Amino acid sequence: MTSDVTRPAAAAGPAAAPYLNLLVTMVMFGSAFASSKVVVEAMPHQMAAALRFGGGGVLLVVLAVVLRRRSAPIGRAAAVRAGLVGLLGVLAYNFFFFWGLSLAPALDGSIIVPVLSPILTTATLLMLRRERASWARIAGLLVGLAGAAVFLLGAGGDATDTKRLLGDLVFVAGAACWAAYSILSKSLLAGIAPLRATAWGTAVGGLGLVVLAAPSAGDVAWSAVSGPAWANVVFLAVGPTAIAYLFYYRGLRSVSPSAATVMMFTVPVFGTFFSTVFLGESFTGVQLAGTVVMLAGALLAVLGKAPAGRTAGPRLPAGEPVEEAS
């Protein structure tokens, strides 16, 4: 990574710089929910996803070419692995992400995806015996899942708002995709330079989204797409996709995955802020209670004491880096 990209954070000192880099990433991820909502209101959700990650993929590939001397070339086998991971973390995740946004408020997605993803990741790792369980972690998983159930009940509390409940369930499917992406990327992308792996995976996943969106291209009234919608498309490609990944990997050079996961729990705060201020969205009291319970359970599940040497935690989001969220 170039020092120019993260110079403001570096100026703050070596100790604070990684956390400032990660904080920038979380702000970008949090803003992606409200910004994406603006786009899906102007065009089909498949097209919105294709434009974001098609553009973001191009930017990351260009950046990888410019910085090619800073990392080892990616071989054919590694490229195939990165592409497969991209199909899951970019194509599948963002299909559900943007579909959910077309049905439910962006605020719901900004809470469900970043909080439920680490819960599902941790639960899967425990079931696969890749991490050892402690009573604290098991309790955290149960509390987190109970909080998710309360949140979904709050979304479906109004019998006339079944569309919102369906959207929230789609967000849950997206969180499951992200959890699988987090787990698989650790093994499949081991030994590959982060920028090259991210660029390749995003490009392959973005291409898949373009193919998926092609049939709906004729249904879009392109001349009627507003200036603000196009501005948000550009912002999504540049900010929450390309720039956020740069800051994320810069931060991970000096911060453990567990610390990065804790930082991820700020995404709902930023997501709620942007969705409330710019979209005027809100949630019910039941959903607020579910959010608090879900956050408490997620923190306990991720940070619960585990035996030494077996503390590998989930990493962040691509749509959307790993664990993510956007």
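These figures come from a predicted structure and were not determined experimentally.
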In residues 218-226, what donor-acceptor pairs under 3.5 Å come from side-chain atoms, sequence neighbours left out?
unit_1: Trp222; atom_1: NE1; unit_2: Ala217; atom_2: O; d: 3.2
unit_1: Ser226; atom_1: OG; unit_2: Ala229; atom_2: N; d: 3.3

Exercise. Can you find a heavy atom in the side chain of Met294 that is under 4.5 Å from one in the side chain of Ile119?
Worked result: yes
| task | Test side chain to side chain contact (heavy atoms under 4.5 Å, CB included) on Phe98 and Arg52 and set out the steps. | result | CA-CA 10 Å; Phe98 280 90; Arg52 174 185 174 180; 3.9 Å; yes
| said: Closer than 3.5 angstrom, by distance alone: can the side chain of Lys37 be matched with the main-chain N or O of Ser102 as a donor-acceptor pair? | reply: no
On a heavy-atom basis, the closest approach of Val40 and Leu101 is CG2-O, 3.8 Å
The side chain to side chain contact (heavy atoms under 4.5 Å, CB included) partner of Glu281 among Thr276, Asp108, Leu107, Thr272 is Leu107
- Query: Does the side chain of Phe29 reach to within under 4.5 Å of the side chain of Thr266, using non-hydrogen atoms?
  - Reply: no
Is the shortest side-chain heavy-atom distance between Val204 and Val90 below 4.5 Å? no
Discussion item. Given 3.5 Å as the limit, does a donor-acceptor pair link the side chain of Ser110 with the main chain of Gly30, or not?
Written reply: no
Does any non-hydrogen side-chain atom of Leu152 lie less than 4.5 Å from one of Leu169? yes
Heavy atoms of Ser216 and Gln46 approach each other most closely as OG-CB, 4.4 Å
Min side-chain heavy-atom separation Leu279-Pro105 under 4.5 Å: no
Would you say the side-chain atoms of Thr202 pair up with the backbone N or O of Ala199, donor to acceptor, closer than 3.5 Å? no
The reported gap from CG in Asn232 to CZ in Phe278 (rounded to nearest 0.5 angstrom) is 10.0 Å
Problem set entry | Note, Leu141 side chain near Leu126 side chain (heavy atom, < 4.5 Å) | yes
Correct closest heavy-atom pair for Ala50 and Leu209 would be CB-O, 3.6 Å
message: Set out, in order, the CA-CA distance, both residues' side-chain angles and the distance that settles side chain to side chain contact (heavy atoms under 4.5 Å, CB included) for Leu84 and Leu184, then state yes or no.
response: CA-CA 10 Å; Leu84 292 174; Leu184 290 175; over 6 Å; no
Here the gap from Phe171 atom CZ to Leu116 atom CG, rounded to the nearest 0.5 Å, amounts to 12.5 Å
| message | Show, in sequence, the C-alpha distance, side-chain angles and deciding distance for Leu22 and Phe247, and conclude whether the side chain to side chain contact (heavy atoms under 4.5 Å, CB included) test is met. | response | CA-CA 6 Å; Leu22 289 173; Phe247 279 88; over 6 Å; no
All heavy atoms of Ala203 vs all of Val61, minimum pair found to be CB-CG2, 3.8 Å
Here the gap from Thr121 atom OG1 to Ile183 atom CD1, rounded to the nearest 0.5 Å, amounts to 5.0 Å
Pairwise side-chain contact, Asp168 with Val172, heavy-atom cut-off 4.5 Å (strictly under): no
Ring pair (Phe, Tyr, Trp, His ring centres under 6.0 Å) filter on Phe95, not counting sequence neighbours, yields His45, Trp99
Does Ser35 use its side chain to pair, donor to acceptor, with the backbone of Ser31 at less than 3.5 Å?
-> no
Closest non-hydrogen atoms of Phe265 and Val115, given as atom of the first, atom of the second and distance, are CE2-CA, 4.4 Å
Val113 and Tyr93: CA distance, side-chain angles, deciding distance, side chain to side chain contact (heavy atoms under 4.5 Å, CB included) verdict
CA-CA 10 Å; Val113 175; Tyr93 166 73; 3.4 Å; yes
The single option from Leu63, Thr25, Leu59, Val238 that satisfies side chain to side chain contact (heavy atoms under 4.5 Å, CB included) with Ile243 is Val238
Handout entry: Side-chain donor/acceptor of Trp200 to backbone N/O of Ala79, under 3.5 Å
Key = yes
Same apolar cluster: Leu120 and Leu299, side chain cutoff 4.5 Å
yes
With the 4.5 Å side-chain cut-off for hydrophobic clustering, are Phe270 and Val277 part of the same group?
yes
query = Honestly curious: do Ile112 and Phe273 fall in one hydrophobic cluster under the side-chain, below-4.5 Å linking rule?
reply = yes
In this structure, SG of Cys177 is separated from CG of Leu87 (nearest 0.5 Å) by 11.5 Å
Separation between CG (Leu142) and CZ (Arg137), nearest 0.5 Å, reads 13.0 Å
message = What I'd like to find out is whether the side chain of Arg76 reaches to under 4.5 Å of the side chain of Arg81, using heavy atoms alone.
response = no
Would a line drawn from the ring center of Phe33 to the ring center of Phe97 be shorter than 6.0 Å?
yes
Original post:
Okay, side chain of Lys163, backbone of Leu103: is any donor-acceptor separation there less than 3.5 Å?
Top reply: no
When rounded to the nearest 0.5 Å, the distance separating OG1 of Thr241 from CZ of Phe235 is 9.0 Å
hydrophobic_cluster_shared for Val38 and Met28, side chain cutoff 4.5 Å | no
Shortest non-hydrogen pair, Gly55 vs Ala237, comes out as C-CB, 4.0 Å
Same cluster or not: are Val211 and Val58 linked, directly or through other Ile, Leu, Val, Met, Phe, Trp or Tyr residues, by side-chain heavy atoms under 4.5 angstrom apart?
no
